[in-house]
There are 2 protein chains.
Amino acid sequence: MNEIAAKSWTRETVVADLERAILEHRLPPGTKLGEDDLSDAYGISRTIVRAALLALSHRHLVELRRNRGAFVAQPSIRDAREVFEARALLEPRTARSAALRMTDDSLDILRANIRQEHDALDAGENDRALFLSGRFHVEIARIADQTTIESFISELISRSSLIIALYWRRRAALCETQAHHALLDAFERKDGDAAEQLMKSHLLDLLASLDLRHVSQPPASLREALQR
Amino acid sequence: MNEIAAKSWTRETVVADLERAILEHRLPPGTKLGEDDLSDAYGISRTIVRAALLALSHRHLVELRRNRGAFVAQPSIRDAREVFEARALLEPRTARSAALRMTDDSLDILRANIRQEHDALDAGENDRALFLSGRFHVEIARIADQTTIESFISELISRSSLIIALYWRRRAALCETQAHHALLDAFERKDGDAAEQLMKSHLLDLLASLDLRHVSQPPASLREALQR
DNA sequence: CGCAACAGGATTGTATACGAAACTGTGTCG
DNA sequence: CGACACAGTTTCGTATACAATCCTGTTGCG
């Protein structure tokens, strides 16, 4: 297999590259991430690949099974609920903080993000739009200037991307950018109360758009499904 | 150097052992964790040690510096504030959930934990008491049956232990067990409101007992201090 | 024909070897 | 006497080799 680029890969860059591929659903949940495959693909040794996979497993993006290998995580319905419960605890208050600390530069960043979301949707690149939608949430945490909470939210957003890949019901994603626009309005007014409320309902909307009723989750492959 | 035990160490057990040593302040903030030292101490190769250190760095218990080595993390004053802000967002609501789901078995676990805290304090083992005090908080998250939030809280508690090691002001730790007793009362009554409120003020008390005014944090060693 | 045992291949887990970077101490020059 | 440069030592970063485990296909027996 050809190498991906002539770039000199480090653990961090490999993690970032893999994470992006997972978030954009180029590596759907359940995909096996063989160490040899990855080391060949990146043109590096298994040592770095293993470190990268270990790092991703700590963020619950990759599931490590002893002597079996690494797989893109397949969050259970329970995981999905828990992730959104955690987001409900963290994000609304963080959005409030962000609103109070909002600057013109920060607003520009958020506006640009929303614009990119629109462009991606117009181009039919839904997965890329989803990725950018996640970036929007992480950016808010960054603006709130809370590194610790930001890292938690970042992990939760990433896991949400997997959850959406598995349980997304509606196909129309318009509600998404609509909510982001409303949040932007609140941020422009530096209205903390509104931002907190909007984020709260935005998350509830998201959760409501998932289909978490079924006992069986769509397996990425028959093999994996039967291994469970 | 002699090996610690004849045990066959895995990455997980090494992580757990190191984490406990850090939480009980046998490895104070700033301590250098040389890979060769650790591999000799545990009687394993550096491969596993490196994986363990990487895992601990993801929990912010260990700081990895490229080509310099691993050190027990020294949270900054800003880190300290952020950790307690995150705890304030997560723990009160989690205590409420725990109160509503409380069972007799869970109560027994919490009571036993408090008893151990007392025993440790009576025996003058303050660091062990601190470790157990942290366990109390994690146990509450476990009872709330929220694995995702539990893992966040677990990380925050561990970091709090480092923060307390660096910034603890009072020497009397009585307020600690007092607050835990009050929480237990609320849990026994399955009083979610009270549990949430008590946890909230408990965290504020904790934060207030820290000395976060100074610009300079006590360096664990002169060398490390000057390296910054 | 079906099931179980076994052997071969593939993949991961661990250890070790080598190269690179940084720290420490010494020596020389200004 | 002090500062800078350089070399030795230590420690980390990466690659590779070997061992252990698991998957898979085949074969033999009931």
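To find a chain, count down the sequence lines: A is the first, B the second, and so on, and within it residues start at 1. These numbers come from a predicted model, not from an experiment. Note that these values count all heavy atoms, side chains included, but never hydrogens, waters or copies made by symmetry.
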Quiz item: Is a side-chain donor-acceptor pair under 3.5 Å present for A:S106 with A:R101?
Solution: no

Quiz prompt | Distance-only donor-acceptor test, A:R68 side-chain atoms vs C:dG13 base atoms, 3.5 Å | solution = no

Self-check item: Stretch residues 50-59 of chain B: residues that reach within less than 4.0 Å of DNA chain D through a heavy atom
Solution: B:R50

Exercise. Mind calculating the distance between CG (A:L38) and C1' (C:dT12) to the nearest angstrom?
Key: 13 Å

Exercise. Using atom NZ of B:K32 as one end and atom P of D:dT10 as the other, report the distance to the nearest whole Å.
Key: 13 Å

Quiz item: C:dA22 C1' sits how many Å from B:F71 CZ, rounded?
Solution: 11 Å

Quiz prompt | Proximal nucleotide (of D:dT16, C:dA15, C:dT12) relative to the A:N67 side chain | solution = C:dT12

Quiz prompt | Ring-face cation of A:R128 near A:F131 (centre distance under 6.0 Å, axis angle within 45°) | solution = no

Quiz item: Are any of A:S45's side-chain N or O atoms less than 4.0 Å away from OP1 or OP2 of D:dA15?
Solution: yes

Quiz item: In whole angstrom, what separates B:W9's CH2 from C:dA15's C1'?
Solution: 19 Å

Quiz item: Which heavy atom in A:L53 sits nearest to a heavy atom in A:E35, and how many Å separate them?
Solution: CD1-CG, 4.2 Å

Quiz item: Rounding to a whole Å, what distance do you find between B:R65:CZ and D:dG13:C1'?
Solution: 18 Å

Practice problem: Answer yes when B:D17 and B:R20 have at least one side-chain N-carboxylate O distance shorter than 4.0 Å, and no when they do not. | Solution: no

Quiz prompt | B:A80 to B:L212 - nearest heavy-atom pair and separation | solution = CB-CD2, 3.9 Å

Self-check item: Distance, rounded to the nearest Å, where A:D40 contributes CG and C:dT12 contributes P
Solution: 11 Å

Quiz item: Taking CD1 from A:I48 and C1' from D:dG13, how many angstroms apart are they, rounded to a whole number?
Solution: 8 Å

Quiz prompt | Closest-nucleotide ordering on DNA chain D, the 5'-leading residue of A:T10 and A:R66 | solution = A:T10

Quiz prompt | Qualifying residue, where the test is side-chain contact (heavy atoms from CB on, under 4.5 Å) with B:H137 and the options are B:R142, B:E150, B:H180 | solution = B:H180

Quiz item: Taking the side chain of A:R46 as its heavy atoms from C-beta onward, which of C:dA17, C:dG13, C:dA15 lies nearest to it?
Solution: C:dG13

Quiz item: Of A:A70 and A:T47, whose nearest nucleotide on DNA chain C comes first from the 5' end?
Solution: A:A70

Quiz item: D:dG13, D:dT16, C:dA15: which one has an atom nearest the side-chain heavy atoms of B:E35?
Solution: D:dG13

Quiz item: Between A:S97 and A:Q146, do the side chains contain an N or O donor and an N or O acceptor separated by less than 3.5 Å?
Solution: no

